[in-house]
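Just so we're clear, the structure is a prediction, and the values are computed from it rather than from any experiment.
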Amino acid sequence: MSQAASVDYVIETKDLSIFYGDFKAVSGVNMRIRRNRITAIIGPSGCGKTTLLRAFNRMNELVPGSRAEGQVLFDGQDLYANEVDPVEVRHRIGMVFQKANPFPKSIYENIAWGARIHGYQGDMDELVERSLRQAALWDEVKDILHASGLALSGGQQQRLCIARTIAVQPEVVLMDEPASALDPIATLKIEELMQELKRNYTIIIVTHNMQQAARVSDNTAMMMLLNGDSRSGTVIEFDQTKRIFTRPSDKRTEDYVTGRFG
Amino acid sequence: MTRAALDLRLKQMVDEVLVLGSMVEQSALDSVSALRHRDTAWAKKIEARDQLINTHRFAIERECLALIATQPPMAHDLRILAAVLEVITDIERMGDYIKGIAHIIPQLHPEPLPRSLPDRLDSMAAQGNSMLHRALTAFAAGDERAARALPAEDDVVDGLYGEVYHELAEGLTAHPESVDHYTRLVWVAHNLERFADRVSNICERTIFTVTGEIMEFSSSGGD
C-alpha cells in the first residue's frame, strides 16, 4: 500500500506522561493517530492502556490528583492548553465504555439527551434515526423507541451507547473494551459497526483481545510496563496491524502476541 | 492450548517435515541405483512409495491447518506454519521428480547406458540430497546464514547436468536410431536438475521464517 504524500493525523501525542499523584502510570508516549482509521491499543493488564485512551479526551481529570505532562494535539491544538474546555473536548472526542451504560430513560431519550445538552437545534427525530442507523440498531428498535434503554440486550445496549456517542457528531470515538462483556455474535456486530463508522470517524480502541485487534484495526500500539519497579507503562511499538501480528520489530511484542509474555 | 503445548506441536510438525524430506532422499538414492541396475521391480516400488510421501505431506498440511484454525498463530508461529505449507509442497514436488525417474526406468531400451552416465547421475542425486538435507536442517534450526549460502551449490548440479547432457547428445548423434532411449535419459538428468532447484525455495522459506522477509533467489534455470 502506498503512503499518501500527506498523511492526515487527527491526534498526535508528544512526550505524553500521565500521573496519578506521584505515580507515573504512563510514560513518554509519542504517537500519531491517523484520521478515519481504527487504531488498537494492546498490552498486558495494568500497562496503562485505558489511562492512555482516557488521556485523549481528558477523562483522567475526573480522577482527583491526576495530571498530564507533554502534549496531546488534536487537529494541531493542544487539548491540555489552559483555554481549552474539557467538556468541548469530550464532545469532539467521544467515548464508549467497557460496560454499556445507557441512561435509565427511553431509547429515544438516550440519543436526544446529549444532543440537546450540546445545543442541537435540528430535527430531533431525524437525528435519533440517523444515529441509530449508523449504530446498526435502527431496525431492531424503530418500533420501541420509547421503551427503556435498559430493556435492550447487552449487545444492543452497547450499540445504543455508540449511537448516543455519535449523535453529537464527534471526530474521534474512543472505545474501551467495547465488546468484552458481549457474546461472539454481539461482538461481531460491534466489529462490523466499527468498519462502517471509520468512514466518518476515527476510532481508537483498547482491547485485551488480540484477535479483535488483529481483525478490526488498521494500526496497533503495543504497550508494556517499563523495566524496573516504576510500574509505568509506555508504547513500545506502533505500526500497521498486519506488521505487528506477522513480523513485529520488538521482541517483547513478539512474545506478547505469541502468548509467551509473563 | 498452552504456550508449551503449542511449542511442542510446532516442533513435532517440523520433525515430520524432516521425516518427509528423508523419505524423498531415500527415493532419490534408490532411483539412480535402480537405473544403474536396470531394476524395473525396484523402480515400481519407488513409484509406489510416492503415494506414501503424498499421504505424509497431507497429514502435515492438515495439522498445519488445524493449528491455524484453532490458535490462531501470530508472528513467528504464523511464519513457521505458512512456511511449512510451502516447504512440504516443494518436498512433494521433489518426490514427483523422483517418481518421474522411476517411471522412465522400465521404458528404457535394453542397450547399455553411456559409460559415465550412472556415476554422474549418482553424483547429481547425492548433491541434490545433500542440499535437501542441509536445507531442512537449516529450516528446523532457523539457520538463516546456512539458508542464504546453500542455493549457490546448485551450480554443482547444473555443471553435472551439462556434462550428462553433452554425453547423451554425443550418444544420440552416434546412435540416431535410439532417439527414445537418449531422450528418456535426458529426462532423468533433467528431473535431478529440477530436484536440486527446489532446494532454493526451501531456503527462501527459512529466511522468511526467521526474518519475515519474502525474497527469491535468482534462478539459474527455468521450468
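A salt bridge between B:Arg3 and A:Asp255 is absent, with no side-chain N of the basic residue lying under 4.0 Å from a carboxylate O of the acidic one.
Looking only at side-chain heavy atoms (C-beta outward), B:Gln71 and A:Thr258 stay at 4.5 Å or farther from each other.
Remark: B:Lys44 NZ is loosely packed, at most 12 non-hydrogen atoms of other residues, nucleotides or ligands lying under 6.0 Å away. Within a 6.0 Å radius of NZ in A:Lys49, other residues, nucleotides and ligands contribute more than 12 heavy atoms. Crowding of A:Phe19 atom CZ: a count of heavy atoms from other residues, nucleotides or ligands under 6.0 Å exceeding 12. In B:Trp187, the CH2 atom is not crowded: 12 or fewer heavy atoms of neighbouring residues, nucleotides or ligands sit closer than 6.0 Å.
At a heavy-atom cut-off of under 4.5 Å, chain A is reached by no residue from residues 117-141 of chain B. Residues of residues 213-225 of chain A having a heavy atom under 4.5 Å from any heavy atom of chain B, listed by number: A:Ala214. Identified by a heavy-atom distance below 4.5 Å to chain A, the contributing residues of residues 205-213 of chain B are B:Thr211, B:Gly212, B:Glu213, in residue-number order. Taking non-hydrogen atoms and a 4.5 Å limit, the residue list of residues 74-82 of chain B in contact with chain A, ordered by number, reads B:Met74, B:Ala75, B:His76, B:Asp77, B:Leu78, B:Arg79.
Taking chain B as the reference chain and counting heavy-atom pairs below 4.5 Å, the highest number among A:Arg243, A:Met210, A:Gln211 is found for A:Gln211.
For B:Pro73, no part lies near chain A; criterion is any non-hydrogen pair under 4.5 Å.
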